[in-house]
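The structure under discussion appears below in the form of structure tokens.
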Protein chains: 4
Amino acid sequence: MKKKQVPSMVKDQRLITKRRDQIVKAAVQLFNEKGYHKTTTREVAQQSGFSIGTLYEYIGSKEDILYLVCDSVYDMVVDQWAGLMDENLNGLERLKQVIEAYFRVVDALQDEVLVMYQNSKSLSGEARNYVLEKELRMKEMFEKELRNCIDAGYLTMTDEELDLACHNILVSGHMWTFRRWIVQREYTIDRYCELQLRQLFEGFGLNRQAPAEEKKTEIQTP
Amino acid sequence: MKKKQVPSMVKDQRLITKRRDQIVKAAVQLFNEKGYHKTTTREVAQQSGFSIGTLYEYIGSKEDILYLVCDSVYDMVVDQWAGLMDENLNGLERLKQVIEAYFRVVDALQDEVLVMYQNSKSLSGEARNYVLEKELRMKEMFEKELRNCIDAGYLTMTDEELDLACHNILVSGHMWTFRRWIVQREYTIDRYCELQLRQLFEGFGLNRQAPAEEKKTEIQTP
Amino acid sequence: MKKKQVPSMVKDQRLITKRRDQIVKAAVQLFNEKGYHKTTTREVAQQSGFSIGTLYEYIGSKEDILYLVCDSVYDMVVDQWAGLMDENLNGLERLKQVIEAYFRVVDALQDEVLVMYQNSKSLSGEARNYVLEKELRMKEMFEKELRNCIDAGYLTMTDEELDLACHNILVSGHMWTFRRWIVQREYTIDRYCELQLRQLFEGFGLNRQAPAEEKKTEIQTP
Amino acid sequence: MKKKQVPSMVKDQRLITKRRDQIVKAAVQLFNEKGYHKTTTREVAQQSGFSIGTLYEYIGSKEDILYLVCDSVYDMVVDQWAGLMDENLNGLERLKQVIEAYFRVVDALQDEVLVMYQNSKSLSGEARNYVLEKELRMKEMFEKELRNCIDAGYLTMTDEELDLACHNILVSGHMWTFRRWIVQREYTIDRYCELQLRQLFEGFGLNRQAPAEEKKTEIQTP
DNA sequence: AATGAATGAGCGTTCATTCAT
DNA sequence: TATGAATGAACGCTCATTCAT
């Protein structure tokens with residue numbers, strides 16, 4: 001899936017980049033406050049610091065703004081994520097660090113992530129597919145890490161379980177944004193990382209207890 | 001938080017209920033297909049089987065439609081959920097059953113749940129709060145169940161962990177709808193219940209270590 | 001070529017007809033004054049006596065207004081034309097009467113004809129073809145009349161000449177509108193009919209002179 | 001009527017002439033393809049080979065482009081027309097040659113003529129009058145020729161008839177462009193010249209038949 | 001209680017024109 | 001002279017809402 005081309009009437013690539021950064025920044029703020037549909041292109045232009053005419057020198061349609069946001073959010077996430085990584089870790093420590101770094105990036109970019117998360121479904125066709133694919137590529141990053149742990153014997157999982165685990169990690173991150181009205185009232189990001197990591201790795205803590213055997217039989221789905 | 005009053009020009013309560021059921025049904029379908037903002041009130045009226053004028057005899061504004069949907073979705077979920085419950089179970093068995101029943105209700109009502117989930121943020125003020133509160137009330141249902149297990153010694157959790165666990169359960173259910181483009185391609189609802197329950201209870205399976213074989217065979221659904 | 005369907009949100013056919021008549025009347029006046037492109041839909045609505053919203057209850061796009069005008073102009077022309085015809089005439093008298101009646105209808109409907117004539121090229125696709133075909137159908141009316149005269153021995157013409165003669169008649173009529181800035185200053189419609197008919201039938205009057213035969217040879221193009 | 005002054009920021013007259021020629025050439029092509037109103041100034045600039053800023057160094061407004069086109073079309077027509085003339089002919093032969101040459105110039109410059117013909121009504125005020133006057137000056141060329149023939153006894157016409165005859169000649173030429181969708185499918189320019197000349201000089205050919213006198217009386221409009 | 005024609009504020013978008021470089 | 005980024009008035013069109021019937 002190729003990156004969708006957003007048309008611009010302006011030739012200077014530097015300027016395009018600069019203006020689009022302004023647009024994305026303005027859009028993230030406005031989309032967060034009022035949502036994509038209730039934000040007008042004029043508001044985006046104004047918040048970006050230029051006129052509606054200028055806005056349309058850098059985009060082809062309102063939807064392009066949303067696409068620009070989604071596209072850049074993934075890049076920002078991946079960039080910042082990479083910056084948080086300690087490459088010296090291995091095994092479960094490394095896995096936990098990858099996940100925690102991800103949570104922390106989502107926290108740092110929560111407005112951006114939330115906008116992307118809540119509005120990407122409003123994209124159409126090409127753009128939508130491109131964004132969905134970027135999402136899958138993020139999932140793959142966790143897959144790789146998990147598989148390493150499995151191959152090294154730190155974890156035991158079927159492929160199916162691994163796949164679902166990745167979904168759960170991703171969603172645990174998103175959750176920090178889309179349920180922020182409640183979870184961010186209840187936890188700091190530090191605490192959230194700690195608790196959520198434990199819950200991802202150990203679940204509800206069944207096996208932390210002594211009489212594991214008893215409980216084990218109870219787990220079975222009827 | 002009181003139920004928000006949706007104004008109607010019509011007196012007959014029976015008729016109001018009947019018409020609003022039609023409206024909700026029509027809206028769920030349309031909102032799923034095109035989203036709340038891209039669906040027009042005319043379309044809702046037509047799909048409901050009456051005129052735009054009649055529609056406005058039973059609602060005060062477009063937002064009321066969304067509110068009606070969200071409100072009724074919670075009721076439907078709770079109703080169907082109750083219907084799936086086997087009141088004879090206890091302990092962890094009961095907890096698992098509550099969660100699985102919840103997953104299955106979400107699956108049965110996935111269009112409804114998805115609409116509510118993706119659009120409730122478009123509600124404003126009073127209505128929004130009411131819906132958020134309903135969400136919290138669902139969380140409380142899991143809290144109650146989990147606390148029972150804790151009190152009975154089946155689980156060991158701090159209050160903080162319990163709270164997060166409830167969020168995770170709820171989100172695991174929602175996930176079945178808002179990631180359906182990928183998860184419903186990968187799993188049946190049966191398999192999803194099984195795997196997700198295991199992951200909620202045991203996490204990534206760190207502690208499965210020693211008698212791994214034993215456990216794995218036991219867990220599998222026949 | 002089928003009549004293009006102009007979409008309407010209104011169900012009452014009587015009302016549609018009435019409103020569209022208002023629209024056509026308003027549009028003819030405005031298009032005459034300022035041209036199609038410089039006339040705004042809001043102006044058409046206002047001149048029609050209703051709001052922009054109502055205008056769009058009866059058309060699908062601005063182009064539909066132009067199409068409505070073109071379509072109705074042909075019908076008006078044909079109607080009024082038929083009304084002017086004396087069916088008792090025959091031979092050249094009848095032919096002359098058909099042409100003169102046509103000129104007089106064009107005069108009576110000159111605003112309408114001019115609008116159609118000057119703007120029909122702005123129609124696109126289906127609508128354009130439909131209008132061109134209506135034009136051809138008018139040409140056929142003259143073809144039929146001329147052929148009758150030829151068959152009855154009143155005129156001698158090849159098919160090629162007949163065809164061109166029809167174009168010339170049609171254009172002589174249109175001319176009364178698209179050159180009205182000059183011809184209507186110079187002639188009354190009565191005089192125009194008289195002179196133009198003579199010129200169509202006799203040309204520059206070469207043969208009005210005595211030694212007609214001589215001159216005929218001179219006329220031929222080398 | 002004076003030539004309208006088109007403002008330019010540039011001093012060098014040679015450059016002005018050169019750039020305006022580029023503009024006219026580009027505009028003729030674009031106006032033919034999409035019409036004056038649907039062509040943007042940017043497109044004209046691009047097609048001319050320079051930037052929008054440069055375009056506005058040589059014109060004052062979009063309408064000036066149209067004026068430039070109309071103005072130059074007349075000049076081109078007159079130039080090429082003069083080039084086709086055999087000055088040795090006299091009498092009716094000369095008249096026919098003048099008309100045929102005119103037809104052939106219109107054919108050679110049909111894009112230009114059509115653009116001028118279909119869009120000159122979009123000019124305003126001064127420019128419009130100037131163009132209309134140029135049109136009248138062309139008419140005068142035919143008047144002069146016809147009057148020579150009349151004075152020399154080759155034709156017999158009243159002033160009124162002469163005037164209308166000139167309109168008819170002019171329009172016969174324009175017709176080759178504005179009805180080209182049909183007439184150029186039916187005739188070559190050679191054939192068109194031949195047939196149209198015959199029809200202009202002899203009309204429908206009433207008098208080609210024996211009893212010319214009889215018919216003449218019939219022609220008269222009552 | 002039901003209808004649907006009417007309304008008009010407001011949206012996304014275009015494009016002729018300007019002016020600093 | 002040439003450039004092209006910036007501007008914003010103005011356009012075509014939509015749609016939630018009202019109200020006379």
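These values consider heavy atoms only, across backbone and side chains, with no hydrogens, waters or symmetry-generated copies. Naming: A, B, ... by sequence-line order, numbering from 1 per chain.
- Looking at Glu63(D) and Ser124(D), their side chains do bring a donor and an acceptor atom within 3.5 Å of each other.
- Two residues, Ser51(C) and Ser61(D), neighbour DNA chain E, and the one matched to the more 5' nucleotide by heavy-atom proximity is Ser51(C).
- dC11(F) atom C1' lies 13 Å from atom CD1 of Ile65(C), rounded to whole Å.
- Atom-to-atom, NZ of Lys38(D) to P of dT14(E) comes out at 14 Å; the value is rounded to the nearest Å.
- Each of Phe50(B) and Glu63(D) lies near DNA chain E, and the nucleotide nearest Phe50(B) is the one positioned closer to the 5' end.
- Looking at the side chain of Tyr58(A), the nearest of the listed nucleotides dA5(F), dT17(E), dG12(F) is dA5(F).
- Ion pairing between a basic and an acidic side chain is recognised when a charged N comes within 4.0 Å of a carboxylate O; Arg20(C) and Glu57(C) show no such pairing.
- Put simply, CG on Asp64(D) is 11 Å from P on dT18(E), counting in whole angstrom units.
- Look at CD on Gln46(A): it is 14 Å from P on dG12(E), rounded to the nearest Å.
- Here dA1(E) presents its P atom at 15 Å from CZ of Arg14(B), a figure rounded to the nearest Å.
- Nearest nucleotide to the Ile52(C) side chain, out of dA16(F), dA2(F), dT14(F): dT14(F).
- Nearest to the side chain of Arg42(B), among dA6(F), dC13(F), dA6(E), sits dA6(E).
- Relative orientation of the Phe178(C) and Tyr117(C) rings is parallel, given thresholds of 30° and 60° on the angle between their planes.
- Remark: P of dG8(F) and CG of Leu55(A) are 14 Å apart, rounded to the nearest angstrom.
- Defined by atom type and a distance below 3.5 Å, a donor-acceptor pair is missing between the side-chain atoms of Tyr58(C) and Asp64(C).
- Listed nucleotides: dG4(F), dT3(E), dA5(F). Nearest to the side chain of Glu57(B): dT3(E).
- Look at Thr40(A) and you won't find any side-chain N or O under 4.0 angstrom from OP1 or OP2 of dC11(E).
- Pairing partner, dT14(E): dA9(F), with both Watson-Crick or wobble hydrogen-bond distances short of 3.5 Å.
- Among the nucleotides dT17(F), dA5(F), dG8(F), the one closest to any side-chain atom of Asp12(A) is dA5(F).
- Using a 4.0 Å heavy-atom criterion, one finds that Met9(A) contacts the sugar-phosphate atoms exclusively.
- By the 6.0 Å and 45° rule, Lys62(C) stacks over the aromatic ring of Tyr36(C).
- In this entry the distance linking NZ of Lys34(B) with P of dT14(F) reads 12 Å, nearest Å.
- Residue contacts for Ser8(A): at a heavy-atom cut-off of 4.0 Å it reaches no nucleic acid atom on any strand shown.
- For the pair Arg19(D) and dA2(F), the criterion of a side-chain N or O lying under 4.0 Å from OP1 or OP2 is met.
- Between Glu43(C) and Lys34(C) there is a salt bridge, with a side-chain nitrogen of the basic residue lying less than 4.0 Å from a carboxylate oxygen of the acidic one.
- Partner assigned to dT21(E) is dA2(F), using Watson-Crick or G-U wobble distances below 3.5 angstrom.
- Between Tyr56(C) and dT14(F), a side-chain N or O to OP1/OP2 separation shorter than 4.0 Å is absent.
- Between Val10(A) and Gly53(C), it is Val10(A) whose nearest contact on DNA chain F lies nearer the 5' terminus.
- Spacing between atom NE2 of His37(B) and atom C1' of dG12(E) amounts to 16 Å, rounded to whole angstrom units.
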